[in-house]
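Quick note on labels: first sequence line is chain A, next is B, and so on, each numbered from 1.
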Amino acid sequence: MSSIQFAVRTNSIKVTEVHLFNSGSFNITEIDRESLSDMANRVRFGCSGSSPSEMTFILHTWHTFVFRPQRDVRLLAAHTHFLPEGTVSLAARKANSWLFETPGFAVCSVDIKMKLIIINEQGDIPFSASTGYLNIFELYASADWSHSVSKEAVLESDLLEFTRTVGPIDIAVWRTWAIAVIAEYKVRADASHYASFDLDFQSFLGLGLGLQGLNCPMAVINIEE
Amino acid sequence: MKKKLTLATEPDLDELASLAKARLSAQAKRARQINAYDKKLISKLLKQLGVTREELEKQADADFARAKSESARRLKQLRALQKSRMKRRKPLRERIEIAFGQRFEPTEVTK
């Protein structure tokens, strides 16, 4: 009999961030990881940067859900769900003159990916698979020689809008094994030649129930007993 | 007559490293010279046009500030829209239960 199992609370959330710049100013507010309540498995952060030369900011998050089957089962598919909410604003300065000078350019993108790992009782990995990155958001501001340009966007998603799936597969999983389903976000922002970016994935808009942040509300597996 | 091939010995590698270093420093020197020439050329051309570099920078900065303030205003409007949309939504748990209840049977919530 086939059935579906849900996990709505992560076992762990890991975050790494990288920022590279030659010159300019950069500011990141504290990265906040939350998996305190069901379905609020989020990473909240805010980040702003501006640079007269080159600047890059990359944030990676891994939300890990672990399933422990009660019986020997066959795993048929695994899914992760993504619910990102935040705002992005970019600004790029026009070049001083048209002579040998480059106008400003800023870009921000959000990509998602999932990984499935089956772990046996010895801690070995008999099976693992991952999807490629899927771009779910991209915004850029490109100035020219006569005008500065600014752009802004709200990244808002609906339930089941962004999902990644590993499957169909057919893998035997014994009751002593564990199935780890990992949802991954990659947020990248670049600013070059007098440009700036401002990412806000933390403000609650004063509602108290907002989901601002990089959320992974759940992971789902399809199994056959 | 064919030349006998020999493996690179340590002194050869040292020589290669120093050659690479010399090449890099020559490239850096050339880049500095080009930059200095460009700057001189731009200043000369700007002078002919009757404007100074400072003036142009000032104009670009003012334009950049205008673009940023316009962006802040538009972002405020977007956030107000987002807030009103969020108010209309049901809580996430409820939405998930409805969506999955309609699609899948039987289900088992693990945690």
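In this structure, the side chain of A:K151 engages the main chain of A:Y140 through a donor-acceptor pair within 3.5 Å. Panel note: side chain A:N11, backbone A:V66; a donor-acceptor pair is recorded below 3.5 Å.
Heavy atoms closer than 4.5 Å to chain B are found in the backbone of A:A153, but not in its side chain. In this structure, chain B has a heavy atom under 4.5 Å from the backbone of A:A92, while its side chain stays farther away.
Taking 4.5 Å as the heavy-atom cut-off, the residues of residues 187-198 of chain A that approach chain B are A:Y194, A:A195, A:S196, ordered by number. Interface with chain A: from residues 57-65 of chain B, residues B:E57, B:Q59, B:A60, B:D61, B:D63, B:F64 qualify, criterion being any non-hydrogen pair under 4.5 Å. Contact annotation for residues 21-37 of chain B against chain A (heavy-atom separation below 4.5 Å): no residues qualify.
Considering only heavy atoms from C-beta on, A:S157 stays 4.5 Å or farther from A:F82 through its side chain. The side-chain heavy atoms of A:W177 and A:I118, taken from C-beta on, include a pair separated by under 4.5 Å.
A distance of 4.5 Å separates SG in A:C108 from CG in A:L199, rounded to the nearest 0.5 Å.
A tilted orientation is assigned to the rings of A:F57 and A:F45, their planes being inclined by 30° to 60°.
With 3.5 Å as the limit, one finds a donor-acceptor pair spanning the side chains of A:T87 and B:R79. A:E152 and B:S71 share a side-chain donor-acceptor pair at under 3.5 Å.
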Tabulate below the donor-acceptor pairs under 3.5 Å that side-chain atoms of residues 164-176 of chain A make, not counting sequence neighbours, or state none.
residue	atom	partner	partner atom	Å
A:R164	NH2	A:G132	O	2.9
A:T165	OG1	A:H79	ND1	2.9
A:D170	OD1	A:R74	NE	2.6
A:D170	OD1	A:R74	NH2	3.3
A:R175	NE	A:D72	OD1	3.4
A:T176	OG1	A:E121	OE2	3.2

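Electrostatic pairing of A:K115 and A:E184 does not count as a salt bridge here, judged by no charged N lying under 4.0 Å from a carboxylate O.
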